[in-house]
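Each remark here refers to the structure printed beneath this line.
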Amino acid sequence: MVTIEKLLKDGIDIIKKRDYNNPNLDVQLILSHLLSKDKIYLHVHRKNEVSNDIAAKFYEMSRKRNEGYPLQYMTNSQEFMGLDFYVQEGVLVPRPDTEILVEKIIKIAGKYERKINILDIGTGSGAIAVSLGYYLKNSAVTAMDISDIALKTTEININKHNLTNIGLIKADIFNYDFNNEKYDIVVSNPPYIESDVIKELPIEVSAYEPKLALDGGDDGLNYYRHIVKVFKDICKEDSILAVEIGYNQREAVTEMFNSANLFNRVEYDKDYGGNDRVITGYIR
Ligand SMILES: C[S@@+](CC[C@H](N)C(=O)[O-])C[C@H]1O[C@@H](n2cnc3c(N)ncnc32)[C@H](O)[C@@H]1O
């Protein structure tokens, strides 16, 4: 039997410090998860012994974490918009930057008195769709993804938050017939990394997060080109299109929005690092 204190110390020795990880926090989160207790418990009960079974799992998970395996896939959890999301290998871990996009839509949608139809293209864990469904009770949200595991994960999150205003569509956005369906708001955080750049990202992302969620083609812009085209067919006379973009994509995506000859106004919102992160086009 080994104490909590010893496990935490051993874990920090196993997980080597890199630029973007935090071994001290990681070991606490791994052990909290295994013991189903919060971090404070670990500190108050440092001298408590844990079972050999848990200790073995802890060492295994610490070694995996040291190889870059994302913590969120081990704990099956990521907080987003104040809600706990179930996440698993095969879906993108929701990022804080994406909250800018969700906050933008919540602000816009608050002004509608009618029921609003929202489409989320590339829903992943359902972070955007589920948050919008949760905070906008006057919304009917359609969450679309090409990936089975993404849709399964979104369904888990819909049930976790007891929502009844979200529907799922399994579809490839490049090849889907909307059949006259129209939406008030179309939102997307599409794959937008240039194909060649993916291998340069931190190992957590490049080795373990799904390429399908990252790869935006040679220039990273394939999905935006197509989403603007699709939007033309599914918009109403006052619809809104809002997309998350990469830090250097404002100009190119603005050009696409402008060439659509559809939007009366385009707005930009910055992320916490001061980069343009969300582009929103208003037809009216
Ligand atoms: C960057 S992730 C965004 C996930 C989630 N919306 C978020 O913000 O955390 C992009 C998502 O698009 C999905 N996707 C990729 N290609 C697609 C396609 N052709 N049609 C529909 N969805 C696609 C991926 O499976 C992935 O879940």
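Order of listing sets the numbers, starting from 1, for every ligand and every atom in it. Heavy-atom basis, side chains included; hydrogens, waters and symmetry copies ignored.
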Atoms of ligand 1 less than 4.0 Å from [X] heavy atoms?
| X | result |
| --- | --- |
| Gly124 | 4 (C), 27 (O) |
| Asp172 | 18 (C), 19 (N), 20 (N) |
| Thr98 | 8 (O) |
| Pro190 | 1 (C) |

Checking the N or O distance criterion of under 3.5 Å, is ligand 1 in contact with Asp120? no
Test of proximity, Ser147 against ligand 1: N or O pairs below 3.5 Å: no
Pick one of side chain, backbone, both or neither for how [X] approaches ligand 1, counting any non-hydrogen atom pair under 4.0 Å.
| X | answer |
| --- | --- |
| Ser125 | neither |
| Tyr223 | side chain |
| Ile173 | both |
| Leu212 | both |
| Thr123 | backbone |

Polar side chain donor-acceptor pair, [X] to [Y], under 3.5 angstrom:
| X | Y | result |
| --- | --- | --- |
| Tyr247 | Asp276 | no |
| Tyr282 | Glu267 | yes |
| Asp84 | Ser77 | yes |

With a sphere of 6.0 Å drawn around [atom1] of [X], does it hold more than 12 non-hydrogen atoms of other residues, nucleotides or ligands?
| X | atom1 | answer |
| --- | --- | --- |
| Lys107 | NZ | no |
| Phe178 | CZ | yes |
| Glu60 | CD | no |

Judged on heavy-atom distance to atom 3 (C) of ligand 1, which of Val87, Thr153, Asn189 sits nearest? Asn189
From atom 6 (N) of ligand 1, work out which of Gly90, Ala129, Gly122 has a heavy atom at the shortest distance. Gly122
State, to 0.1 Å, how close Tyr224 and Ile245 come at their nearest heavy-atom pair, and which atoms those are. OH-CA, 3.3 Å
I'd like to know if Ala171 contacts ligand 1, where contact means a heavy-atom distance under 4.0 Å to any ligand atom. yes
Determine whether a donor-acceptor pair (N or O, by modelled atom type, separation under 3.5 Å) exists between the side chain of Ser195 and the backbone of Asp215. no
Which residue holds the protein heavy atom closest to [atom], what is that atom called, and what is the gap in Å?
| atom | result |
| --- | --- |
| atom 24 (C) of ligand 1 | Asp145 OD1, 3.5 Å |
| atom 1 (C) of ligand 1 | Ala213 O, 2.9 Å |
| atom 17 (C) of ligand 1 | Ile146 CG2, 3.5 Å |

Parallel, tilted or perpendicular, as decided by the 30° and 60° cut-offs, for the rings of Phe263 and Phe231: parallel
Answer yes or no on whether Lys17 is positioned over the face of Tyr20, meaning its NZ or CZ is under 6.0 Å from the six-membered ring centre and within 45° of the axis. no
Applying salt bridge (charged side-chain N to carboxylate O under 4.0 Å, His left out), can you list everything that pairs with Asp233, at least two apart in sequence or on another chain? none
